[in-house]
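Comments concern the structure below.
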Amino acid sequence: MGLLGELLLLPAAPLRGTAWVLRQVVAEAERQYYDPAAVQRELARLNELLEAGEIDEAEFDRREDELLDRLEKGPRQP
């Protein structure tokens with residue numbers, strides 16, 4: 001893009017910068033959400049809740065399925 005194009009797009013620079021930051025935040029959040037170590041920690045905590053009697057077997061199964069789906073799917077690819 002030439003100098004004229006850059007000058008014309010200059011007023012949109014804050015918007016483009018904000019969009020870039022938002023994309024980076026979403027990418028990092030997805031990376032943490034789908035991180036296998038984080039999912040394993042949540043599975044361990046879920047098991048503790050079941051053993052302590054804080055949740056029932058049906059709730060455990062439902063939440064375990066959700067966590068296993070996260071492991072299976074992983075983050076979306078751009």
Side-chain angles (χ1 to χ4, degrees):
M1 189 176 296
L3 179 62
L4 184 58
E6 288 294 324
L7 287 174
L8 291 174
L9 291 176
L10 191 59
L15 182 60
R16 290 189 329 219
T18 300
W20 179 85
V21 168
L22 289 175
R23 284 192 304 272
Q24 299 305 310
V25 169
V26 168
E28 179 62 19
E30 285 182 345
R31 186 193 65 75
Q32 289 180 16
Y33 181 76
Y34 290 108
D35 179 34
V39 174
Q40 289 172 351
R41 283 191 303 272
E42 289 185 46
L43 282 169
R45 175 69 180 136
L46 190 59
N47 194 45
E48 291 172 4
L49 291 173
L50 178 65
E51 289 176 357
E54 295 181 31
I55 61 173
D56 62 6
E57 190 74 33
E59 177 70 8
F60 174 84
D61 289 340
R62 184 187 65 75
R63 291 171 61 181
E64 181 186 40
D65 288 343
E66 290 172 1
L67 290 169
L68 294 176
D69 284 344
R70 278 174 44 188
L71 271 180
E72 186 177 301
K73 289 179 186 175
R76 65 181 175 171
Q77 300 301 317

Stepwise side chain to side chain donor-acceptor pair (under 3.5 Å) test for Gln24 and Glu28: CA-CA 6 Å; Gln24 299 305 310; Glu28 179 62 19; over 6 Å; no
If you look only at pairs with a residue in residues 39-52, which of them pass as a salt bridge (charged side-chain N to carboxylate O under 4.0 Å, His left out), with sequence neighbours excluded? Glu42-Arg70, Arg45-Glu48
Output the distance between atom CG (Asp35) and atom CD (Glu30), rounded to the nearest 0.5 Å. 13.0 Å
I'd like to know if Tyr34 and Leu71 are part of one continuous hydrophobic network [Ile/Leu/Val/Met/Phe/Trp/Tyr, side-chain heavy atoms within less than 4.5 Å]. no
Tell me whether Val25 is reachable from Trp20 by hopping between hydrophobic residues (I, L, V, M, F, W, Y) whose side-chain heavy atoms are closer than 4.5 Å. yes
Could you work out, with side chain to side chain contact (heavy atoms under 4.5 Å, CB included) as the rule, every residue matching Glu64, not counting sequence neighbours? Leu43, Leu46, Phe60, Asp61, Leu68
Under a 4.0 Å N-O cut-off, is there an ion pair linking Arg63 with Glu66? no
